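Notes follow the structure.
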Amino acid sequence: MSETSAPEVQSSDLKVIKNVTFEILRYSPEKDEAPKAQKFQVPVIKGMTVLDGLLWIKENLDASLAYRSSCRMGVCGSCGMFINGLPRLACNNQIIHLDADTITIKPLPNYNIIRDLVPDLEGFFDKHESIQPYMIREQVEELNNPTGEFFQSPDELVDYIQFAYCIKCGLCLSACPTVATDDNFIGPQALAQAYRYNVDSRDEGAKEREEELYSSHGVWRCHFAGACSDVCPKGVDPAFAIQLLKQNMFMQKLHVHKHKSATHIIPWATEHVPNEKIPQAPERTVK
Amino acid sequence: MKVEVKHRKNKLGIIGWIGGGRFGAERYAYALHRLTGLGILAYFLLHIFVTGSRIGGQQSWQNAVANFETPIFKFGEFLVFLAFAYHALNGLRLIITELGFMLGKAQRPVFPYVTSVHRQRPLFIGVMIVAAIIIIFGGADFYFI
């Protein structure tokens, strides 16, 4: 059996390439009346991300610096910040690629600041919840006690899979100029998720989402500035989803919309013989 | 014990239309579309006020028109034309794109991501070129012909 060893770390990889100034907007609700900038000198090595820089500051210069982070690989969506003029994920951007001697970091605009770089995302998640971002079906019994799987073709999957990649980082709302002046606008993230479920062939909840979507603060408040799609770190393209929602509504009014094909249930296989080479799944933890 | 947390407001407001960050051209087109729309609305109010002076008779109308025959108002009239040309042509683009046309089809996102904003950009550039040509010819007509 071949043995795979971890690649050796070259000493040149750990060499400090240059020192970069991190200019971070700090705010402490207990002592500050207004946010103020603070500068830190950070030695940069190859492959170092902005998040690595913040971790270095926290470990070596100022332990009181507050920010959110978790996965370090652009999956959890925790480390959204306003970095050098754009909302970005700190873990997704290497310092060298920013090509600047000073990196300005602020908390995400359009969200209240809790502390330093930590935005208050409560309103964001309320908007997400308001569009019922889950499968709605008339057969509730089938959802609770499934007798099989809902059929979905690969083509039907492609209709919505792009929009299902949302990691709820909130960058799109901080980039949106409509959100900047309208607190009640549902926003690109929630609207994109509404489209994601509306076009899913297994979902039957489009009617239930209508009231929220086509209200005065719904889809028609978007005027395709496109900034949400520009900053999305996962290629979700929320602006596209919103325009497609408008198209669906427009076509429905003209009675020329494409009807969603209804799904059907494929019963569980009755004579399933497990493959002995495949290990059994662990016991269910939720019953 | 519930601790009262004092959150700092960080809403961009109208500044966010223009100064939100280093975004693509479409975001600035959005801001300009709104500003030109408000400008045209202000012009219409003034226009109704001026034409309404005809109710007061011929002399009243001539007095009202005479007030606007100055270089500043002529330049203002050109700005209205400029705003109208931009707003009308960009509005056509928005009607097309906001109804989901010329934006491509939904697809699996593969890095580097190509979004609907990129896919409609030829339309955006084309519309801006046509607007620029109309504004240049209109400006020549205002001042030189």
Side-chain angles (χ1 to χ4, degrees), chain A residues 27 29-30 32 34-35 82 84-87 106-115 119-120 157-163 165 174-181 183 199 220 222-237 239-248 250-251, chain B residues 3-35 37 87 90-121 123-124 127:
Chain A
Y27 173 70
E30 297 89 10
D32 294 332
F82 197 72
N84 275 14
L86 276 178
K106 298 176 185 175
L108 284 179
N110 295 336
Y111 298 102
N112 289 343
I113 307 169
I114 295 177
R115 180 185 292 270
D120 176 13
L157 176 75
V158 171
D159 283 344
Y160 73 85
I161 190 70
Q162 167 173 19
F163 311 109
Y165 276 81
S174 73
C176 175
T178 305
V179 172
T181 47
D183 272 331
V199 293
W220 298 103
C222 165
H223 300 298
F224 199 47
C228 54
S229 296
D230 283 343
V231 301
C232 178
K234 307 306 281 183
V236 169
D237 201 351
F240 186 32
I242 298 171
Q243 312 324 310
L244 292 176
L245 270 175
K246 291 178 191 170
Q247 186 184 57
N248 281 359
F250 183 68
M251 294 302 185
Chain B
V3 180
E4 193 66 35
V5 182
K6 187 179 76 175
H7 290 175
R8 171 83 187 175
K9 292 234 178 291
N10 194 23
K11 204 88 173 159
L12 288 172
I14 287 182
I15 302 288
W17 289 4
I18 300 166
R22 299 187 292 127
F23 296 101
E26 286 79 3
R27 196 177 187 277
Y28 299 99
Y30 162 100
L32 195 57
H33 195 81
R34 288 195 145 186
L35 291 174
H87 197 85
N90 193 48
L92 283 176
R93 174 184 72 93
L94 290 177
I95 289 170
I96 294 168
T97 54
E98 287 196 34
L99 292 178
F101 300 109
M102 297 188 77
L103 298 178
K105 291 180 80 172
Q107 55 196 298
R108 286 178 184 274
V110 178
F111 191 83
Y113 306 121
V114 178
T115 68
S116 57
V117 182
H118 298 117
R119 292 194 289 266
Q120 64 81 51
R121 197 152 282 160
L123 173 68
F124 175 66
V127 159

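In this text the structure is predicted, and so the values were computed from the model without any measurement. Letters A, B, ... are given to chains in the order of the sequence lines, protein chains preceding strands, and every chain is numbered from 1.
B/Val114 is not listed as a side-chain neighbour of B/Gln107, based on a closest heavy-atom distance of 4.5 Å or more. Looking at heavy atoms from C-beta onward, B/Phe23 lies in side-chain contact with A/Leu86 at the 4.5 angstrom threshold. Residues A/Val236 and B/Tyr113 fail the side-chain proximity criterion, which asks for heavy atoms closer than 4.5 Å.
The candidate from A/Gln243, A/Lys234, A/Glu30 with the greatest count of non-hydrogen atom pairs under 4.5 Å with chain B is A/Gln243. Of all the listed residues (B/His33, B/His118, B/Lys9), the one sharing the greatest number of non-hydrogen pairs under 4.5 Å with chain A is B/Lys9. Comparing A/Thr178, A/Asp159, A/Leu157 by heavy-atom pairs within less than 4.5 Å of chain B, the highest count is held by A/Thr178. Most heavy-atom pairs under 4.5 Å with chain B, from the set A/Ala34, A/Cys176, A/Cys232, A/Pro119: that is A/Ala34. In terms of non-hydrogen atom pairs under 4.5 Å with chain B, the most contact-rich of A/Pro107, A/Pro35, A/Gly226, A/Ala241 is A/Pro35. No other option in A/Leu244, A/Asp183, A/Asp230 has as many heavy-atom pairs under 4.5 Å with chain B as A/Asp183. Between chain A and the residues B/Gly24, B/Gly100, B/Ala31, the most heavy-atom pairs under 4.5 angstrom are made by B/Gly100. The candidate from B/Thr97, B/Ile14, B/Leu94 with the greatest count of non-hydrogen atom pairs under 4.5 Å with chain A is B/Thr97. When the candidates B/Arg119, B/Arg34, B/Glu98, B/Arg108 are compared by the number of heavy-atom contacts under 4.5 Å with chain A, B/Glu98 comes out ahead. Comparing A/Lys246, A/Arg115, A/Lys106, A/His223 by heavy-atom pairs within less than 4.5 Å of chain B, the highest count is held by A/His223.
Only the side chain of A/Tyr27 comes within contact range of chain B, judged by heavy atoms closer than 4.5 Å. Both the backbone and the side chain of B/Leu99 come within less than 4.5 Å of a heavy atom in chain A. In this structure, chain B has heavy atoms under 4.5 Å from both the backbone and the side chain of A/Val179. For A/Asn110, the parts lying under 4.5 angstrom from a heavy atom of chain B are both the backbone and the side chain.
Atom NZ of B/Lys105 sits in a sparse spot, with 12 or fewer heavy atoms from other residues, nucleotides or ligands closer than 6.0 Å.
Between the side chains of A/Asp237 and A/Ser229, a donor-acceptor pair is found at a separation under 3.5 Å.
Here the CH2-CG distance, from A/Trp220 to A/Leu245, works out to 9.5 Å after rounding to the nearest 0.5 Å. The distance from atom CD1 of B/Ile18 to atom CZ of B/Arg27, rounded to the nearest 0.5 Å, is 10.0 Å.
The aromatic rings of A/Phe240 and A/Phe163 sit tilted, their planes meeting at an angle between 30° and 60°.
For an aromatic pair to be called close, the ring centres must be under 6.0 Å apart, and B/Tyr28 with B/Tyr30 fails this.
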